[in-house]
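Worksheet for the structure shown next.
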Amino acid sequence: MNAPGIAIAEDPTGARRLASLKEIERKLLWLSTWAIHNANHVRPNRDGLKVGGHQASSASVISIMTALYFAALEPQDRVAVKPHAGPVFHAVNYLFGREDRAPLERLRAFGGAQSYPSRTRDGAEVDFSTGSVGLGVAMTSFAALMQDYVHRHGLARADIPPGRAIALAGDAELDEGNIYEALLEGWKHDVRNVWWIIDYNRQSLDSVVPDRLFGRIEGLFRDMGWNVVTLKYGHLLTAAFARAGGDALRRWIDDCPNSLYSALTFQGGAAWRSALLADLGRNRDLRAIIDPLADSELAELMTNLGGHDLGFIIDTLEAAAAEGDQPTCFIAYTIKGMGLPFAGHKDNHAGLMTPEQMESFRASMQIRPGHEWDLAEGLSMSEAELRRFIATVPFARPLAPEGRALSAPLIAVPASLPAPRSAGKKISTQAGFGEILAEIGRGEGALGPLAERILTTSPDVTVSTNLGPWVNRRGVFDRHTRNDVFRDAKLASAQRWGMSPRGQHFELGIAEQNFFLLLAAAGLSHTLYGARLLPVGTVYDPFVNRGLDALIYACYQDARFLLVSTPSGISLAPEGGQHQSINTPLIGMAADRLAAYEPAHVDELAILFRHALEHMQRPDGSAVWLRLSTRQIPQPSRALDAEAVIAGAHWVVPPAEGARIAIAYQGPLAPEAVSAFELLREDEPGAGLLALTSPDRLHAGWLAARRARRAGVRDAFSHIERVLAPLAPGAALVSVLDGHPAAHSWLGAVRGQRIVPLGVDHFGQSGDIPDLYREYGIDADAILDACAQALLERCRAE
Ligand SMILES: Cc1ncc(C[n+]2csc(CCOP(=O)(O)OP(=O)(O)O)c2C)c(N)n1
Ligand SMILES: [Mg+2]
């Protein structure tokens, strides 16, 4: 237990180092508790809302975070801190001098530290955002896999050694199913270098968690190949157990229900004594242990759990680190609210100390009013000594010259991608996507360096989303080389999937949350591991919903990837209602940092695919989503305005100036729109036909232009405003998509035109396309009827 900066000769037992760490532990408890108090009771409150913050959840992990950040962590390690320990995390950074005091002072205020650690809002010190419980924990497993991937592909930076991905988890996070999905997937991929440290305070938000649950959970981890280390008792209790009568004391604590243990912790020494005496009062040896102790000493003994024993935690983590790279789960017994007046109380999750409680806590911490943020206030070390000590801590070393958010060079994207010659043929966007990717996979010429950076993944729908040919060329990633038995036995199969550490496809099980967490990790590889990847993931469009929280989580962290969801809508007709997506275009519009597109034709797809590879690398870019279809439709021969396709809409047939009507289509309904349009034009020769490639980009552009105008940029006009400008004010606009029509309804507000949005707003069902398009009112007849009605309404209105 010697810090690298303190020579063993100077500190042979490590006692000086431990004493310094205990000072830090004390400081972290004070700072996190005070920051929350300050936010709630000191800072002016303008709206009467409770500001909140979690003093009890924070207090629970103080010792663990001290051990981790000030002893065990190496700079190359990456940590997901449980959401409710956000204040402790900022206090840690304050001590390291990586944040000044403003974020802590402004905790939960605009511009201050976020409630829960946030990569995008709190800055470079946050390795993984957390907040939606369970996701940050699972994310570490996929980050570890990504680190492995970049190292095995020779893409890692030479100046940064591989580290560990560590989750500091609340025990209730293990109720989230996605944890177990991730465990299973991690096992399949032989994940290494992951630690999950569970703050086992046996409390969630509402209550005390059931007894014996963790016996089960421990077994689950072991079954998944994890090492499990339990930190149950600290050194005081361990010493007491070693004495005569100690066995009885241990049995009593082991058998004590979680809820009683919590209640006694809250009540304190006298309650502990009467409970112990009631059960074990006749045991003389036990009396010899407890009778000499004052109430406060007895309380200290009885709450001396492993997760609060700093020296023990450090020894345990260091021993585990020396063991190697096996994934390890630490179950650290703790008390929620440790060291604070509501320690152990079942209702303490959102509890805040009262100003009176804070004053007595302040006194016990020896903090003078006005000196709350002073580094050494209340410590027995001077500020200089404290700083000197912190400078010796391994995690104080910078990870890289640019800090913890690493930079990685951009990957050049050729001016155009090898699109299939589709003109005059019938082809689906899904097939077109597979062909383009397979061509990139040949890696010829300028495509070589691009192909090397593409990583594909799919939750067991690789073949059915047309990734197969790419995978045949680039192989499946596996830490170990495994042969394709079918290929070796020369058995005919379209899939030739050799597995090796050079493979570029990550084959996942069906769990869609894992899929999005992998995309999140791969999409942050440039900033986490300094190796830029271009992740491309395919999933059935309806099952985006199954992984939605993880998708939003990925976007919230600004992960960069290309999501290809296919097939989509009722156009996959015979598959029926559970596979026919309706709401996904709306998700695409509402998700921030995700540019959502739905091309109708392969020439548009080629433009958008290329755009995606570039956009996901741009500092001001984002992840990209392509919603595709298996419906084969005739492909036009034409020159396209790529910028318009990327901006979200282009005229297939431009309207005459002042035209009374236009038809707009999105995705595979192009043929129906074209048929209706040809008939419409017989009566309305000036009508226009508009291809919508992205209501999401159009809408975002429209809002941005409105904001810019409000800010005084008078000539800020969005693409959709320009596109609709030739139409008469109040012209009719009939739109159609294979998805919820609300995705288009807003178009009428852009220039006050009369929109009739057609789409699917009820669950689908099996059928063929003619029957289904008729039933759901999106066939050519329905479009024409809508045109007629819209024109009629327009005449009446005039
Ligand atoms: C997905 C999700 N559901 C619900 C919540 C609300 N919530 C916040 S903390 C919490 C319980 C946390 O308990 P635990 O993980 O044991 O953390 P502790 O505060 O005890 O350390 C819940 C239900 C959330 N943040 N995320
Ligand atoms: Mg808990």
Side-chain angles (χ1 to χ4, degrees), residues 74-78 124 127-128 139-165 186 189-194 325 399-414 437 440-458 467 470-471 473-481 498-508 517-537 554 557-562 612-619 621 623:
E74 296 289 335
Q76 62 271 22
D77 296 336
R78 297 287 187 175
D127 295 328
F128 306 107
M139 173 84 178
T140 56
S141 178
F142 292 100
L145 288 172
M146 267 316 113
Q147 179 179 255
D148 232 18
Y149 181 95
V150 301
H151 277 270
R152 273 150 208 272
H153 281 80
L155 303 174
R157 273 170 56 155
D159 59 337
I160 301 178
R164 275 195 190 84
H189 291 277
D190 194 17
V191 70
R192 311 267 102 196
N193 286 315
V194 192
D325 63 1
L399 172 61
E402 69 266 38
R404 286 191 78 68
L406 301 176
S407 58
L410 302 182
I411 308 304
V413 181
L437 189 60
I440 297 175
R442 284 184 197 279
E444 286 170 0
L447 292 173
L450 180 74
E452 277 177 17
R453 296 292 174 143
I454 291 178
L455 168 151
T456 56
T457 185
S458 186
L467 279 183
W470 157 269
V471 179
R473 294 210 165 112
R474 310 301 296 199
V476 174
F477 174 73
D478 198 295
R479 290 169 55 88
H480 314 280
T481 301
M499 298 183 181
S500 80
R502 306 294 299 173
Q504 285 178 252
H505 175 72
F506 234 100
E507 182 65 13
L508 292 173
L517 290 174
L518 179 66
L519 286 178
L524 291 172
S525 170
H526 55 290
T527 139
L528 290 176
Y529 303 118
R532 192 173 294 279
L533 297 176
L534 301 169
V536 178
Q557 306 201 69
D558 203 20
R560 302 302 183 85
F561 52 87
L562 170 58
L613 295 172
E614 203 168 64
H615 190 69
M616 60 207 244
Q617 301 190 58
R618 291 173 55 127

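Positions are given from 1, in the same order as the sequence printed here.
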Check: If you look at every heavy atom in F561 and A554, which pair is closest and at what distance?
Finding: CE2-CB, 3.8 Å
Next item on the list: Look up atom CZ in R532 and atom CE in M616, then write down how far apart they are to the nearest 0.5 Å.
Entry: 9.5 Å
Notebook entry, point to check: Is Q557 close to M139 at the side-chain level, that is, under 4.5 Å between some pair of heavy atoms?
Noted result: yes
Checklist line | Between CG on residue L613 and CD1 on residue I454, distance to nearest 0.5 Å | finding: 5.5 Å
Margin query: Please evaluate residues D148 and R479 with respect to the criterion salt bridge (Lys or Arg N to Asp or Glu O under 4.0 Å), reporting the C-alpha separation (whole Å), side-chain torsions for both, the decisive distance (0.1 Å), and the verdict.
Written below: CA-CA 8 Å; D148 232 18; R479 290 169 55 88; 2.3 Å; yes
Next item on the list: Please name the pair of heavy atoms, one in A623 and one in A559, separated by the smallest distance, quoted to 0.1 Å.
Entry: CB-O, 3.7 Å
Next item on the list: For residues P401 and D159, report the shortest heavy-atom separation together with the two atoms involved.
Entry: CD-OD2, 4.4 Å
Note to self: Is it the case that the side chain of T457 and the backbone of G537 share a donor-acceptor pair, with hydrogens and angles ignored and the cut-off at 3.5 Å?
What the structure shows: no
Check: Side-chain contact, heavy-atom cut-off 4.5 Å: L508 with S458?
Finding: no
Next item on the list: Find the distance between CG (L562) and NE2 (H615) and round it off to the nearest 0.5 Å.
Entry: 11.0 Å
Check: Once you round to the nearest 0.5 Å, how far does CZ of R152 lie from CG of L145?
Finding: 10.5 Å
Checklist line | Heavy-atom closest pair, residues G163 and N193 | finding: O-CB, 3.8 Å
Next item on the list: Report yes if some heavy atom in the side chain of E452 is under 4.5 Å from a heavy atom in the side chain of R474; otherwise report no.
Entry: yes
Margin query: Side chains of Q617 and L534, heavy atoms from C-beta outward: is any pair under 4.5 Å?
Written below: yes
Margin query: Is the shortest side-chain heavy-atom distance between H189 and S141 below 4.5 Å?
Written below: no
Margin query: Under a 3.5 Å cutoff, is there a donor and acceptor pairing between the side chains of H505 and E507?
Written below: yes
Item checked: Whether Q76 side chain and I160 backbone form a donor-acceptor pair below 3.5 Å -> no
Checklist line | 4.5 Å side-chain heavy-atom contact, Y529 and H151 | finding: no
Item checked: Residue pair L533 / A522: nearest heavy atoms and the distance that separates them -> CB-O, 4.1 Å
Margin query: Within the structure provided, determine whether L528 and L406 are in side-chain contact (heavy-atom separation under 4.5 Å).
Written below: no
Checklist line | F477 side chain reached by R502 side chain, heavy atoms, under 4.5 Å | finding: no
Notebook entry, point to check: Where do A408 and A531 come nearest, in terms of heavy atoms and distance?
Noted result: CB-N, 4.2 Å
Check: CZ of R192 to CD of Q147: how many Å apart, nearest 0.5 Å?
Finding: 13.0 Å
Margin query: For the backbone of R164 and the side chain of D77, can you confirm whether one donor and one acceptor N or O come within less than 3.5 Å of each other?
Written below: yes
Margin query: For E402, is there an ion pair with R157 - N to carboxylate O distance below 4.0 angstrom?
Written below: yes
